[in-house]
Amino acid sequence: MSVVKPSFRPKSDFLAALIERGYVHQCSDYEGLDARAAAGELIAYIGFDCTAPSLHVGSLLPIMMLAWLQRTGGKPVPLMGGGTTRVGDPSGKDEARKMLSIETIEANKAGIRKVFSKFLTFGDGRTDAVMPDNAEWLTKLNYIDFLRDVGRHFSVNRMMSMDSVKLRLERDQELSFIEFNYMCLQAYDFVELNRRYGCIAQMGGSDQWGNIVTGIDLGRRMGAPQLFALTSPLLTTSSGQKMGKTHAGAVWLEADMLSPYDYWQFWRNAEDGDVGRFLRLFTFLPMDEIARLEKLDGAEINEAKKTLANEATALVHGREAAAQAAETARKTFEEGVAADTLPTVGVSMAEMEAGVGVLTAFVMAGLVASTGEARRQVKGGGLRVNDDVVTDERAVLRGADARDGAIKLSIGKKRHVLLRAK
RNA sequence: GGGGGAAUGUCCCGAGCGGCAAAGGGGGCGGACUGUAAAUCCGCUGGCUAUGCCUUCGUAGGUUCGAGUCCUACUUCCCCCA
């Protein structure tokens, strides 16, 4: 029920690793869960909303918990929220999310599924992961039956006191009936997964605590075995920012949505104070190695950041992509050379011959949103072509400006795109 | 059902006597300083074929030379009364 007690000495590899690395915020019963894990019979699930076309770093923490579970002999169950996403979780949200169409949810689900194959081994074996979708059972529920069999176990009085509900009420913010039902469905999922897979634990972010405990409670009332809750801390950067945003928006775990190079850069640009914590949470490096990296001081900590970027990128995009991103970064930042593996935008030969205005070129490269913004950036000295600051907004780029077949466009010191005639 | 409020720059919060591309924050982007960090300081933060043109203040009309600002209807949300 509380933050892990210093006196607690886990016997299972699973809890030992999770606690040591900082994944644990709260657990409903450390000893009980530890015993099950040590006995090698831990099957645990985490639910994933299908609200976006792919997952981003915000979901990485729970994914890593599942990966650790598998590595330490347990069976991970990533649950697709194909059913619950149709309802919408009010936890931690000020207002109701727009209702997503069923087609959107299904499309999102397909994108999200792909991510897991990189972290988990699926199959029929004892520790192989399985990925059910709660639409399989939720959409088949009959309202009256559900109310009689499940609904009677929920106390509205208690539900009203849950943070996700209470906060909305206190702030006089709308909470629709459909959202109010979300926790009932999630609780039911837990019980259903126990029936189907023998799943006994649910993990998730700390904002899920209430929903998870509700599930444990429902399990007890419905005669399921003892269930467990294990939550991870809410992740912020050491300067208190919400984690996982870049100039391009969310940090997606999908190469089509965020290039491996940009993903690598995201980790490379971590704040000093976050490096140790991130190494523990987002890589599988051994603890003594992390301890060594964490001790690096001043500019040396950049080495630790590179390791973080390499390891984190390798997990999502593979070793090769990580190495290439590292090399691109090395050339770009340490040698100041235009690496030909930088993100590239093609321009037609004809356009290149005719000449492209600088402002337009930066818009095409996606470095600025409009020519107006490009103009402002020129005024502020933020744009460079082949490393020369752009001073004339009416300058025109031609084929002759290319070095090794490409023109390097930069905004600021970190973002570069190659413009190539094709 | 009756009465009273509110909706602002498509990231958010928020000022706005009838002359408004619209104060101020936060966030974001850029510059300086550094180590591709943090903190700090400075600039920018509607669009365009650009000394001008176009589109923005919940929606649709109206008054006016001129409307975010006044009037009418509608939508949504909040508060009080029944």
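In what follows, chains are A, B, ... by sequence order, proteins preceding strands, each numbered from 1. Note that the coordinates shown come from a computational prediction; the quantities given were computed from them, not determined experimentally.
- Residues passing the side-chain hydrogen bond (donor to acceptor under 3.5 Å, both in side chains) test with Thr341(A), sequence neighbours excluded: Thr328(A).
- Between the side chains of Gln186(A) and Gln202(A), at least one donor N or O lies within less than 3.5 Å of an accepting N or O.
- Between the P atom of A37(B) and the CD atom of Gln265(A) lies a distance of 10 Å, rounded to the nearest Å.
- Applying the 4.0 Å criterion to OP1 and OP2 of C33(B), one finds that Lys413(A) has every side-chain N and O outside that range.
- For C42(B) and G25(B), the P atoms lie 11 Å apart once the distance is rounded to whole Å.
- By the side chain to side chain contact (heavy atoms under 4.5 Å, CB included) test, Ala17(A) is found to be paired with Trp68(A), residues two or more places apart in sequence or in another chain being considered.
- Nucleotide U75(B) forms a Watson-Crick or G-U wobble pair with A7(B), both donor-acceptor distances falling under 3.5 Å.
- Within the 4.0 angstrom heavy-atom criterion, only backbone atoms of the sugar-phosphate kind lie near Ala270(A); the bases stay farther away.
- Lys305(A) comes within 4.0 angstrom of a nucleotide base, judged by non-hydrogen atoms across all strands.
- Rounded to an integer number of Å, the gap from Asn269(A) CG to A38(B) P is 8 Å.
- Scanning for side-chain hydrogen bond (donor to acceptor under 3.5 Å, both in side chains) contacts around Arg319(A) gives Glu311(A), with sequence neighbours left out.
- Arg384(A) has its CZ atom 16 Å from the P atom of C29(B), to the nearest Å.
- Shown for residues 290-303 of chain A: residues whose heavy atoms fall under 4.0 angstrom of RNA chain B, namely Gly298(A), Ala299(A), Ile301(A), Asn302(A).
- Pair assignment for A39(B): none, as no Watson-Crick or G-U wobble contacts are both less than 3.5 Å.
- Ranked by how close their nearest RNA chain B nucleotide is to the 5' end, Lys306(A) and Gly381(A) are led by Gly381(A).
- Shown here are the side chain to side chain contact (heavy atoms under 4.5 Å, CB included) partners of Lys414(A), two or more places apart in sequence or in another chain: Asn269(A), Phe333(A).
- The pair Arg292(A)-Glu289(A) meets the salt-bridge criterion, since a charged nitrogen lies less than 4.0 angstrom from a carboxylate oxygen.
- When Watson-Crick and G-U wobble pairs are counted only if both distances are under 3.5 Å, U63(B) pairs with no nucleotide at all.
- Partners of Asp145(A) by side chain to side chain contact (heavy atoms under 4.5 Å, CB included), not counting sequence neighbours, listed by chain and number: Asn142(A), Asp149(A).
- Within the structure, every pair that satisfies the side-chain hydrogen bond (donor to acceptor under 3.5 Å, both in side chains) test and touches residues 392-410 of chain A, not counting sequence neighbours, is listed here: Arg375(A)-Glu393(A), Asp387(A)-Lys408(A), Ser410(A)-His416(A).
- Judged by Watson-Crick or G-U wobble contacts below 3.5 Å, the nucleotide G1(B) has C81(B) as its partner.
- Taking atom CG of Asp274(A) as the reference point, atom P of A37(B) lies 14 Å away to the nearest angstrom.
- Scored by the side chain to side chain contact (heavy atoms under 4.5 Å, CB included) test, Ile411(A) finds Leu367(A), Val368(A), Gln377(A), Leu383(A), Arg415(A) as partners (sequence neighbours excluded).
- Relative to the side chain of Arg268(A), the nucleotides U36(B), A38(B), C29(B) differ in distance, and U36(B) lies closest.
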Can you build the contact string for nucleotides 43-50 of chain B? Use B for base contact, S for sugar-phosphate-only contact, and - for no protein heavy atom under 4.0 Å. -SS-SSSB
